[in-house]
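Encoded as structure tokens, the structure appears first; notes follow it.
The chains referred to below are lettered A, B, ... by the order of the sequence lines, with proteins before strands, and numbering in each begins at 1.
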Amino acid sequence: MPKYELETMRHSASHVMAEAVMRLFPDAKLGIGPAIEDGFYYDFDLPRSLTEDDLEKILELMKESIKAKVPFEREEISRQEAERLFADQPYKLELLRDLPEDVPISIYRHGSFVDLCRGPHVENTGDLRWDSIALQSIAGAYWRGDEKRPMLQRIYGTLWHSKQELRDYLARLEELAKRDHRWLGRDLDLFSLHEEAGAGLVYWHPKGGRVRTIIEDYWRKRHVEGGYDIVYSPHIGRSWLWETSGHLDFYHDSMYAPMDIDGQDYYLKPMNCPFHIMIYRSRTRSYRDLPLRWAELGTVYRYERSGVLHGLLRVRGFTQDDAHIICTPEQIEDEILGVLRFPGHVASHGLCRCGRLPVDAARKGGGRALPVGSGDAVTATRPGDRRADMRWMRGGAFYGPKIDLKIRDALGREWQMTTIQFDFNEPERFDMVYVGDDGQEHRPYMVHRALLGSIERFFGLLIEHYGGAFPVWMAPVQAVIIPITDRHVAFGREVESKLRAAGLRAELDASNDRMNAKIRAAQLNKVPYMLVIGDREVEDGAVSVRLRSGEDLGAMPVEAFLSGAKAIDDARDNQRLWKAEA
RNA sequence: GCCCACGUAGCUCAGACGGUAGAGCACGUUCUUGGUAAGGACGUGGUCACGGGUUCAAUUCCCGUCGUGGGCUCCA
């Protein structure tokens, strides 16, 4: 058993690092320095920018401190003493002043370094191992996460129990980085982005297009089965639409500048909802029509600040798998539960964990004045309440409580995918009504929901999830036919058309590379099946099947491969069935 | 948007006190016709991101813009 929790050691390491920085920059102002998931950081206000060389020096100084086994000493002091002690540390003073009155002020010293800190820490710096610490990067970070406050320099470090653990961790990071969709997308010829054609705009290549088609076909099929109707709407709309929805007021920073058409302002759509509402308003609706479930693969354009764009995961034009459910207050619970149970398969990992919060919130709130939610549910008050609107917007919710689902990428960052959001605002703004069984007009409830989130982001994470090796049913190329010499190409074409006729995405590699090179190319493209054909196969009407796992299944008649591959396709499990058959 | 770094062939990268550049892979031609992860030869390919400035001369130095990477803030 290690003597200390990693968290304690990491926090101590951040103090040791801060001490080292203070020795290099005696005038440094200290921010905060907590332990984080895999390491620690410390924020500094320094007279100049740090460089990679500085990191080496800092690590050297940390090493000295660790070798000297300097004891950590805890001390509780009065507020006045603390203010005196940190008189030249404005950020510490600010933290101090924000501490509640009844909290005792504790400080930790080791050597000449002293920090306002709750602890705990290791006994002495010698409890850390200098060879299991790495300083990873220098980054900018706003003081207290507020972009209006000064930007400090943050040093990220990582610490483990042993040198080996550190090595393993760094190796793991490298391994994960290999799954990065940005490089896989290029190597597998799935998509591209072009600086000269505009940042954050995605070009889907034929192979990426195949995967997207499969995702969309699947999406459409499940939605129709799930009681949704598919709708289509324009990409631009007159300013009236956005004024009415409120987007022009509250979402303005994310919208592109208007274009003048015959003296009228038109805007690229950042959202699909107002269009679906227009469809709703196109005729009188009865309670007998509800619930309405309208889905659209709607492409939206949003201005994103330049620093936040990231491959497919954060772009400026993307397609949402958007849907709006318009229902009566009585139907809302069933509708939400229906979404939570939605047989989305590809998107539904973890959906069930979301609980019943919004349903309860909606019920308690009666749909007009809502209680404050917790977690990711966003506060909502009255429709039309400007302050509340703005808060929802800033919080990322349009108009009410929501459920969000986040998935981590290869680099460990979280990205929002699924979102389910109540909207008590737009029905009001657009004066949506239905005629109830009492003959009176009533206000319907509206739910926005996207399961995949955006097709682009979903695809990016899908690439990383599979490391580019898509399961057979999604693979852009399912089988590559590899003739050994030119005289086998003719038979190769026959096989190719047979497979294609059977619905398989097969391609013939007729290049004049050697077979080995063709196999290598297919491997690198992560093609599930490689079908080698030479003299023996031509004679027998067979193919030799190699899997991307490297397994060689030997020769089999083309029909046998076909039925096997189709069965595999149906089972959505490429390798196992083959092994069972083999 | 902010902090730091970066931008040389499609990709990965060399390179030069400032005197307009090179490799491997990819691509093309060609020889080779090969049994499960790279056969050989030859060749095409670059306004050294873009725009200014300094200079006899800028891809190299300075400034700006655009873009990329890692963070922060923000978000599907």
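- Side-chain nitrogen and oxygen atoms of A:Gln416 include at least one within less than 4.0 Å of the OP1 or OP2 phosphate oxygen of B:rA76.
- Of the N and O atoms on the side chains of A:Arg546 and A:Gln523, at least one donor lies less than 3.5 Å from an acceptor on the other residue.
- Residue A:Arg182 places at least one side-chain N or O under 4.0 Å from the OP1 or OP2 atom of B:rG70.
- Aromatic ring pairs are classed by plane angle as parallel below 30°, tilted from 30° to 60° and perpendicular above 60°; the pair A:Tyr303 and A:Tyr256 is perpendicular.
- Phosphate proximity of B:rU12 to A:Arg186: present, with a side-chain N or O under 4.0 Å from OP1 or OP2.
- For A:Trp183, counting side-chain heavy atoms from C-beta on, the closest listed nucleotide (B:rG67, B:rU33, B:rG69) is B:rG69.
- Helical stems involving RNA chain B, defined as 3 or more consecutive Watson-Crick or G-U pairs under 3.5 Å, span B:1-7 with B:66-72, B:10-13 with B:22-25, B:27-31 with B:39-43, B:49-53 with B:61-65.
- Side chain to side chain, A:His205 and A:Ser192 meet the donor-acceptor criterion of an N or O pair below 3.5 Å.
- The aromatic rings of A:Phe44 and A:Tyr42 sit parallel to each other, their planes meeting at less than 30°, with 60° as the upper class boundary.
- Taking only distance into account, the side chain of A:Glu537 meets the base of B:rG35 through a donor-acceptor pair shorter than 3.5 Å.
- For A:Arg487, whose side chain is taken as the heavy atoms from C-beta onward, the closest listed nucleotide among B:rC72, B:rG34, B:rC4 is B:rG34.
- Distances from the side chain of A:Val532 to the nucleotides B:rA76, B:rU36, B:rC2 place B:rU36 closest.
- The residue among A:Gly145 and A:Gly307 whose nearest nucleotide of RNA chain B lies closer to the 5′ end is A:Gly307.
- Listed candidates were B:rA76, B:rG67, B:rG70. Nearest to the side chain of A:Arg457 is B:rA76.
- Side-chain contact, A:Ser544 with A:Glu537: a donor N or O sits under 3.5 Å from an acceptor N or O.
- Residue A:Tyr156 has a polar side-chain atom (N or O) positioned under 4.0 Å from OP1 or OP2 of B:rC72.
- Residues A:Asp409 and A:Trp415 bring a donor and an acceptor atom of their side chains to less than 3.5 Å of each other.
- Counting non-hydrogen atoms under 4.0 angstrom, A:Asn512 reaches a base of the nucleic acid.
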